[in-house]
Amino acid sequence: MQLSNQLVQWYHQHKRDLPWRHTTNPYVIWLSEIILQQTRVEQGLPYFNRFLEKYPTVSDFAAATEDEVLALWQGLGYYSRGRNMLVTARLVQELHGGVFPSSWEQLIKLKGIGEYTAAAIASFSANEAKAVVDGNVYRVLARYFGISEPINSTQGKKIFQQMADEMLDRENPALHNQAMMEFGAMLCKPKNPACGICPVREGCYAFKHNATATLPVKINKTKIRERYFNYLLIKNDNEILMHKRGAGDIWANMYELPLIETEQLMEVHHVLETPSAKPFIGGNIRIKAVSQVYKHVLTHQRLYVRFIELDGFENELEQDYFFTEVKKLKNLALPQIIFIFLTKFLN
DNA sequence: AATACGGGGCC
DNA sequence: GGCCCAGTATT
């Protein structure tokens with residue numbers, strides 16, 4: 001029996017009951033697929049429910065503000081997904097009158113939808129014969145067929161996409177795609193795959209050659225940059241000074257405390273003597289408290305983050321700085337490190 | 001072709 | 001500490 005059929009059979013018996021598997025509404029599928037990009041099901045699930053409740057249709061989504069979407073996205077990471085969703089929702093509202101497209105060709109034109117997501121939405125919502133290739137599919141194919149071509153090389157991506165296309169069950173693309181991914185996520189896991197109970201191990205290269213630990217192959221280790229963030233806590237009664245970040249760096253368009261970034265870890269009073277601290281010092285400013293240094297790890301950056309509480313601020317506010325009531329902070333999309341600290345500090 | 005972009009879970 | 005997760009956009 002073909003691998004595809006075996007996995008579909010396995011899928012029927014072992015699939016998880018996930019909300020987006022009960023619909024063929026392309027808008028709902030889209031919501032789930034964007035949220036699940038580079039994100040585990042367990043982490044994305046509550047976000048999916050919140051988004052669907054707040055924006056039941058793409059027209060509702062299109063009417064949202066970016067602040068609102070980002071605040072709802074808070075904590076999920078890769079925030080460009082949220083920003084791109086709003087762009088796409090508005091485009092669908094304008095171009096398609098609020099009818100979310102379900103063909104691969106229309107989908108691929110939309111912001112935030114790449115080859116994988118277009119194939120997922122098209123197959124799940126309209127049963128279009130497009131094979132999905134995500135991290136799960138790479139792993140299953142590499143192990144089963146013993147492909148050592150790197151999955152993230154240009155050549156490798158082409159090979160795997162081609163293999164996936166060839167083995168696609170063209171009668172049942174939606175089922176086939178779901179089965180491939182679910183199998184990869186639940187059984188053919190990155191670490192400790194459950195080969196002991198695997199229904200296709202007899203035909204599996206990696207099982208036969210004891211190579212599950214070395215397949216798939218991936219190149220390009222990410223380089224990590226270290227940064228030093230000194231955040232200023234400036235609070236008057238029930239208001240706190242906040243800053244809206246711009247584009248071109250992490251956390252684009254999100255909200256943070258006034259930030260002084262330094263080249264290295266230095267004493268607090270030296271931090272306050274740097275030129276970028278100028279807008280916040282002077283007058284009767286004094287240091288009230290200093291937090292520990294938190295290490296916050298991102299994909300390409302290691303942040304060393306410290307919070308400096310100041311007293312006696314009386315300067316003019318520059319562009320993108322504003323005081324906000326503490327009670328209204330929940331309306332602002334905060335990076336996780338800011339959210340965690342403020343939650344602790346303000347309670 | 002390489003790099004940027006979050007946060008969390010697992011080993 | 002390193003790897004990976006229902007990847008995409010940008011350089």
Side-chain angles (χ1 to χ4, degrees), chain A residues 15-16 18-21 29-48 70 73-85 87-88 107-124 130-140 142 150-158 160-161 164 174 177-186 188-193 213-214 216-225 227 245 247-254 295-303 333-340:
Chain A
K15 67 178 172 185
R16 290 168 288 184
L18 301 173
W20 46 85
R21 289 186 174 154
I29 311 262
W30 168 70
L31 217 47
S32 73
E33 289 301 337
I34 303 295
I35 286 172
L36 291 175
Q37 284 169 4
Q38 294 292 285
T39 304
R40 282 168 218 280
V41 166
E42 309 84 69
Q43 191 187 0
L45 189 50
Y47 287 83
F48 171 80
L70 285 177
W73 200 272
Q74 179 179 305
L76 198 54
Y78 283 178
Y79 296 93
S80 64
R81 290 182 290 172
R83 297 196 309 271
N84 288 339
M85 278 185 111
V87 172
T88 284
L107 290 162
I108 196 68
K109 296 176 184 166
L110 300 172
K111 194 97 166 166
I113 298 182
E115 279 197 55
Y116 161 78
T117 305
I121 300 173
S123 64
F124 300 154
K130 289 283 182 181
V132 297
V133 182
D134 73 334
N136 294 306
V137 176
Y138 279 123
R139 191 167 54 251
V140 171
I151 61 173
N152 55 347
S153 69
T154 304
Q155 181 71 250
K157 287 182 203 165
K158 226 161 76 179
F160 282 96
Q161 181 70 56
N177 282 336
Q178 291 280 14
M180 293 283 294
M181 290 195 288
E182 186 76 341
F183 179 76
M186 304 289 291
C188 196
K189 296 174 294 182
K191 305 278 181 186
N192 301 328
T214 55
V217 173
K218 200 170 180 179
I219 49 171
N220 305 340
K221 277 170 297 202
T222 59
K223 289 169 190 124
I224 294 191
R225 174 161 70 118
R227 300 174 76 178
R245 293 178 64 86
D249 197 354
I250 56 173
W251 306 327
N253 299 358
M254 294 174 69
K295 187 166 145 183
H296 188 70
V297 180
L298 309 179
T299 307
H300 291 87
Q301 303 185 21
R302 256 199 298 272
L303 306 181
L334 307 174
Q336 203 64 345
I337 183 69
I338 303 287
F339 176 75
I340 289 169

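Residue numbers start from 1 in every chain, and the chains themselves are labelled A, B, ... in the order their sequence lines are given, proteins ahead of strands.
The listed nucleotides are dG6(B), dA9(C), dG7(B); the one nearest the side chain of T299(A) is dG6(B). Of the candidates dG6(B), dC4(C), dA9(C), dC4(C) carries the atom nearest the R139(A) side chain, counting heavy atoms from C-beta on. Taking every side-chain heavy atom of N84(A) into account, dA9(C) is the closest of dC5(B), dG7(B), dA9(C). Here the nucleotide nearest the side chain of Y79(A), chosen from dG7(C), dA6(C), dG7(B), is dG7(B). Listed nucleotides dC5(B), dT10(C), dG7(B) differ in distance to Q43(A); the shortest reach to its side chain belongs to dG7(B). Side-chain proximity of K223(A) to the nucleotides dA6(C), dT3(B), dG8(B) is greatest for dT3(B). With dC5(B), dA6(C), dG7(B) as the choices, the nucleotide that has an atom nearest any side-chain atom of R16(A) turns out to be dA6(C). Listed nucleotides: dC3(C), dG7(C), dA6(C). Nearest to the side chain of N136(A): dA6(C).
When heavy atoms are screened at a 4.0 angstrom cut-off, E42(A) is found touching no nucleic acid atom at all. Within 4.0 Å (heavy atoms only), Q336(A) reaches sugar-phosphate atoms of the nucleic acid but no base atom. Nucleic acid contact for W20(A): base, since at least one base atom lies under 4.0 Å from a heavy atom of the residue. Residue G114(A) is in sugar-phosphate contact alone, with no base atom involved, counting any heavy-atom pair closer than 4.0 Å across all strands shown. Counting any heavy atom pair closer than 4.0 Å across all strands shown, G75(A) reaches sugar-phosphate atoms only and no base atom. In this structure, S80(A) reaches neither bases nor backbone, as no heavy-atom distance under 4.0 Å exists between it and the strands shown. Within the 4.0 angstrom heavy-atom criterion, base atoms lie near R21(A). Residue contacts for N152(A): at a heavy-atom cut-off of 4.0 Å it reaches no nucleic acid atom on any strand shown. Contacts of T222(A) with the nucleic acid, taken as non-hydrogen atoms under 4.0 Å apart, are absent. I35(A) comes within 4.0 angstrom of no nucleic acid atom, judged by non-hydrogen atoms across all strands. As judged by a 4.0 angstrom heavy-atom cut-off over every strand, K157(A) is placed among residues making no nucleic acid contact.
Remark: the Q37(A) side chain and the R81(A) side chain contain no N/O donor-acceptor pair separated by less than 3.5 Å. For the residue pair Y116(A) / E33(A), a side-chain donor-acceptor distance below 3.5 Å is found, with atom types taken as modelled.
The line from OG1 of T39(A) to CD1 of I34(A) is 10.5 Å long, rounded to the nearest 0.5 Å. Taken to the nearest 0.5 Å, the CD1 atom of I121(A) stands 10.0 Å off from the CG atom of L31(A).
Computed from coordinates, the I34(A) CD1 to dG7(C) C1' distance equals 9 Å when rounded to whole Å. The nearest whole Å value for the distance from the CZ atom in R227(A) to the P atom in dA4(B) is 11 Å. The CZ atom of R83(A) sits 9 Å away from the C1' atom of dC5(B) (whole-angstrom rounding). Distance CD1 (I151(A)) to P (dC4(C)): 7 Å, rounded to an integer number of Å. Residue I224(A) contributes atom CD1, which lies 14 Å from atom C1' of dG7(B) at whole-angstrom precision. Protein atom CD1 of I121(A) is 13 Å distant from nucleotide atom P of dG7(C), rounded to whole Å. Whole-Å rounding puts the L110(A) CG to dT8(C) P distance at 12 Å. Look at OH on Y116(A): it is 8 Å from P on dT8(C), rounded to the nearest Å.
Closest approach of F124(A) and A174(A) over heavy atoms only: CE2-O, 3.7 Å. Across all their heavy atoms, Y47(A) and Q74(A) have their closest contact at OH-O, 2.7 Å. Of all the heavy atoms in L36(A) and V41(A), the pair that sits closest is CD2-CA, 3.8 Å.
The P atoms of dG6(B) and dT10(C) are separated by 14 Å, rounded to the nearest whole Å. Of the P atoms belonging to dA6(C) and dC10(B), the separation is 13 Å, rounded to the nearest Å.
With respect to the salt-bridge test (charged N to carboxylate O, under 4.0 angstrom), the residues E182(A) and R21(A) qualify.
Phosphate contact (OP1/OP2 of dC5(B), side-chain N/O of H300(A), threshold under 4.0 Å): absent. A sub-4.0 Å separation between OP1 or OP2 of dA6(C) and a side-chain N or O of W30(A) is absent. When the side-chain nitrogen and oxygen atoms of H296(A) are compared with OP1 and OP2 of dG6(B), none of them lie within a distance under 4.0 Å. Using a 4.0 Å cut-off, no side-chain N or O of Q38(A) falls inside it from OP1 or OP2 of dC4(C).
In this structure, K295(A) and K218(A) both approach DNA chain C, and ranking their closest nucleotides by distance from the 5' end singles out K295(A). Of the two residues contacting DNA chain B, namely Y78(A) and K191(A), the nearest-nucleotide position lying further toward the 5' end is that of Y78(A). Between N192(A) and D249(A), the residue whose closest nucleotide on DNA chain B is further toward the 5' end is D249(A).
A donor N or O paired with an acceptor N or O is found under 3.5 Å between the base of dC4(C) and the side-chain atoms of R40(A).
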